[in-house]
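One-based numbering, in listed order, for ligands and for the atoms of each.
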Amino acid sequence: MAYKRILTIQDISCVGQCSLTVALPILSACGLETSILPSAVLSTHTAGFTGYTFRDLTGDMPAIKDHWKKEQLQFEAIYTGYLGSREQISYIREMFRELKTASGVTVVDPAMADNGKLYPGFDGAYVEAMVALCADADFVVPNITEACFLTGMEFKTQYDRSYIDGLLAALAEKGMSNVVLTGVSYAEGRTGVVVYEKGVYSYYEHELLPNSCHGTGDIYASALVGAMMRGKTAVQAAKIAADYTVDCIKETAKLDNHWYGAAFEPVLYKLHEYLK
Ligand code: PXL
């Protein structure tokens, strides 16, 4: 197995099982050397906790990038999640250009919105910068809410295949031609993920569990990137990541009052098996 070095850029939410505290163990479990660039440090994530601290690390980014360049460090993938500011997006776009190997892959999870709404602290200017970052990426991994913000399309909870085709066409129009669209449900009690790669549509459907957990988008994107870097196609990786995310949600359902994140650790061994 090729041993690859990847970089993931997202926040450290000290408590809350999301972003780097999820991405780092999952990518490591996939057998990848995982370098990190924290975009911000928060005491907890912003979904359900109140009074959290927030330290934006944008100011550290230029010197970190310059140091890595001086050391001639490069990455076979750069994968971004929740970011700390609109300003840091321009540094990250420079990193895509300057710190990726010639065959390297860039993946953007535009982690900024869910259930029809932007997360606290994000606004239209942030969305605009995120559109530019997504257009630079080889793959984007939005949920339907994020795809709507990226394209200006109306958010719907009831839809059919033509609505999803419209979203994919609008994303392609903005320069995002390889898309893994999560949370796409065409039937009651079912959900799934669409992979749209250079105009070819595929859909992997699985059960919709009654309990939803925070942080599953980060688990999904991390497992997807991990599997792709292990040589799986986008369609294979999308299925592996979906099966693993379902395992995590089922594991969380066994717990009382575990509302803030998903118990991804006890089933990490399953991801390892799916990659065999
Ligand atoms: O899971 C996405 C995420 C990551 N990081 C922070 C968040 C959220 C979603 O709310 O608040 C800080």
Side-chain angles (χ1 to χ4, degrees), residues 7-27 34 36-58 60-61 78-89 92 107-123 126-127 129-130 133-134 137 139-150 155 180-183 191 193 209 211-226 241-242 244-249 251-252 258-265 268 271:
L7 169 65
T8 184
I9 308 173
Q10 33 194 315
D11 71 285
I12 296 177
S13 285
C14 299
V15 175
Q17 288 176 309
C18 69
S19 36
L20 277 183
T21 64
V22 163
L24 180 56
I26 289 178
L27 293 164
T34 307
I36 59 165
L37 178 51
S39 56
V41 178
L42 296 85
S43 50
T44 64
H45 61 62
T46 66
F49 292 103
T50 51
Y52 44 81
T53 68
F54 183 96
R55 182 176 298 275
D56 172 19
L57 297 180
T58 305
D60 290 6
M61 286 193 169
I78 304 180
Y79 149 44
T80 71
Y82 182 103
L83 303 177
S85 72
R86 173 168 61 90
E87 292 72 26
Q88 69 183 225
I89 289 180
I92 295 170
V107 182
V108 172
D109 173 358
M112 61 180 177
D114 206 358
N115 300 315
K117 284 200 232 112
L118 285 175
Y119 295 148
F122 293 140
D123 58 13
Y126 182 85
V127 171
M130 184 54 81
L133 183 66
C134 286
F139 281 89
V140 294
V141 193
N143 58 35
I144 292 184
T145 302
E146 288 157 348
C148 289
F149 278 105
L150 291 171
F155 173 71
V180 180
L181 183 64
T182 60
T191 189
V193 50
L209 294 156
N211 61 311
S212 72
C213 316
H214 180 263
T216 49
D218 300 346
I219 291 171
Y220 185 85
S222 301
L224 175 85
V225 173
Y244 175 58
T245 305
V246 168
D247 294 336
C248 295
I249 299 172
E251 192 63 24
T252 311
H258 196 92
W259 59 270
Y260 54 82
F264 68 97
E265 307 90 338
L268 206 41
L271 176 60

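- Protein heavy atom in closest approach to atom 5 (N) of ligand 1: Asp11 OD1, 2.8 Å.
- For a threshold of 3.5 Å applied to N or O pairs, the pair formed by Thr44 and ligand 1 contains no separation below that value.
- Ring geometry, Trp259 versus Phe49: the interplanar angle falls from 30° to 60°, so the pair is classed tilted.
- In this structure, the protein non-hydrogen atom closest to atom 9 (C) of ligand 1 is His214 NE2, 3.3 Å.
- The backbone N or O of Asp11 sits less than 3.5 Å from a side-chain atom of Ser39, completing a donor-acceptor pair.
- For His45, no nitrogen or oxygen atom sits less than 3.5 Å from a nitrogen or oxygen atom of ligand 1, counting backbone and side chain alike.
- A distance of 8.0 Å separates CG of Leu268 from SG of Cys248, quoted to the nearest 0.5 Å.
- Rounding to the nearest 0.5 angstrom, the gap separating the CZ atom in Arg55 from the CG atom in Leu42 is 11.0 Å.
- Shown in contact with Ala47 at under 4.0 Å from a heavy atom are these atoms of ligand 1, numbered in order with element: 10 (O).
- Atom 3 (C) of ligand 1 has its closest protein heavy atom at Tyr82 CD1, 3.7 Å.
- Near Thr46, the atoms of ligand 1 lying under 4.0 angstrom from a non-hydrogen atom of the residue are 7 (C), 10 (O), 11 (O).
- Proximity of Tyr79 to Asp109: side-chain heavy atoms (C-beta onward) are separated by under 4.5 Å at one or more points.
- Applying side chain to side chain contact (heavy atoms under 4.5 Å, CB included) to Ile26 and the options Val225, Thr8, Asp218, Leu271 leaves one that passes, Leu271.
- At a heavy-atom distance under 4.0 Å, only side-chain atoms of Ser13, from C-beta outward, approach ligand 1.
- Contacts between Gln10 and ligand 1, counted as non-hydrogen atom pairs separated by less than 4.0 Å, are absent for every part of the residue.
- Polar contact with ligand 1: present for Asp218 (N/O pair, distance under 3.5 Å).
- Residue contacts with ligand 1 include Ser19, since one of its heavy atoms falls under 4.0 Å from the ligand.
- The two residues Thr145 and Lys117 come nearest to each other via the heavy atoms CG2-N, 3.6 Å.
- Proximity of the aromatic rings of Tyr126 and Phe149 is defined here by a centroid distance below 6.0 angstrom, and this criterion is not met.
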